[in-house]
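Numbering of residues begins at 1 and proceeds along the displayed sequence. Read the numbers this way: they start at 1 and go in the same order the structure lists the ligands and their atoms. None of these values were measured; they are calculated from a predicted model.
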Amino acid sequence: MNHPKKERTFVAIKPDGIQRSLIGEIVSRLERVGLKLVAIKMLVANSGQVEEHYSQLDEKIRKYLIKYMTSGPIIAMVWEGAHAVKITRKIVGCTEPLTSDVGTIRGDYVLDSYAMSDEDGRAVRNLIHASGSPEEAEKEISHWFKPEEVIDYRLVQEEILYDVNLDGILE
Ligand code: ADP
């Protein structure tokens, strides 16, 4: 089994996140917790890509999501680090912005609700997607990225996050 620090998650900044100028804020929140960005690209998704990504959801919501997710550019990313999936979901917050905790990305930067999205017949707009489990992450990463687009490298801060002996600090 891989060391927990090698866990990866797939994150997408949805079209509303880009239109709201929140790219930097979102990247910054994931960076500052200690996660490592190992892949990133901007793209305009096509219906097929979105349909496959959300294949588990029921048809009505999936149709809404195709419209939402193909409406403008998105940013696809892979983040790596200990408990990457759970830590990222915690920072992102729960699905409906109205009830997402204060301090989370969805809770702090957007005000949509199921009541409003139902009334308007559309997907709830919540800025960001993050994988729900390591298995889901693996599927999503290979759906959106070629293996060579995900980069293995070391970050200097990993010494303090993961080094067992902390023996490289004092001179
Ligand atoms: P999450 O993105 O939090 O993992 P889901 O996988 O359940 O949530 O749903 C995927 C996306 O579909 C949500 O982020 C949201 O944009 C949209 N969505 C989910 N449920 C609804 C709903 N009941 N009405 C409108 N949009 C929804």
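Of all atoms in ligand 1, listed by their number and element, those nearer than 4.0 Å to a heavy atom of Asn126 are 13 (C), 14 (O), 15 (C), 16 (O). With ligand atoms numbered from 1 in the order given, ligand 1 contributes 20 (N), 21 (C), 22 (C), 23 (N), 24 (N) to contacts under 4.0 Å with heavy atoms of Tyr114. Of all atoms in ligand 1, numbered sequentially from 1 with element shown, those under 4.0 Å from a heavy atom of Lys14 are 13 (C), 14 (O), 16 (O). For ligand 1, the atoms sitting less than 4.0 Å from at least one non-hydrogen atom of Tyr54 are 10 (C), numbered in the order shown with element in parentheses.
Ligand 1 is never approached by Gln56 to a heavy-atom distance shorter than 4.0 Å. For the pair Arg89 and ligand 1, a heavy-atom separation below 4.0 Å is found. Put simply, part of Ser117 is less than 4.0 Å from ligand 1, judged by heavy atoms. Put simply, part of Arg122 is less than 4.0 Å from ligand 1, judged by heavy atoms.
With respect to atom 17 (C) of ligand 1, the closest heavy atom belonging to the protein is Leu65 CD2, 3.9 Å. Leu57 CD2, 4.2 Å is the protein heavy atom nearest to atom 7 (O) of ligand 1. The protein non-hydrogen atom at the shortest distance from atom 18 (N) of ligand 1 is Ile61 CG2, 3.9 Å.
The shortest side-chain heavy-atom distance between Tyr153 and Val38 falls under the 4.5 Å cut-off.
Within the cation-pi definition used here (under 6.0 Å to the ring centroid, within 45° of the axis), Lys41 qualifies as a partner of Phe145.
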List the steps, then state whether side-chain contact (heavy atoms from CB on, under 4.5 Å) holds for Leu127 with Ile105.
-> CA-CA 8 Å; Leu127 306 173; Ile105 292 168; 4.1 Å; yes
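Among the atoms of Thr95, some N or O lies under 3.5 angstrom from an N or O of ligand 1. Backbone and side-chain nitrogen or oxygen atoms of Val124 are examined, and one is located within less than 3.5 angstrom of a nitrogen or oxygen of ligand 1. Backbone and side-chain nitrogen or oxygen atoms of Tyr68 are examined, and none is located within less than 3.5 angstrom of a nitrogen or oxygen of ligand 1. In terms of N/O distances under 3.5 Å, ligand 1 is approached by Arg106.
Checked by atom type, the side-chain pair Glu140/Ser131 shows a donor-acceptor distance below 3.5 Å. A donor and an acceptor atom, one from each side chain of Glu96 and Thr99, are located under 3.5 Å apart.
Taking the charged nitrogens against the carboxylate oxygens, Asp108 and Arg29 do have a contact shorter than 4.0 Å, which makes a salt bridge. The existence of a salt bridge linking Arg8 and Asp152 is confirmed by a sub-4.0 Å separation between a basic side-chain nitrogen and an acidic carboxylate oxygen. Ion pair Glu158/Lys36 flagged as a salt bridge, since at least one NZ, NE, NH1 or NH2 atom sits closer than 4.0 Å to an Asp/Glu carboxylate oxygen.
The structure places CG of Leu43 at 6.0 Å from CD of Gln49, a figure rounded to the nearest 0.5 Å.
The hydrophobic cluster containing Val27 also contains Met42, counting ILVMFWY residues as joined when their side-chain heavy atoms lie under 4.5 angstrom apart, directly or transitively.
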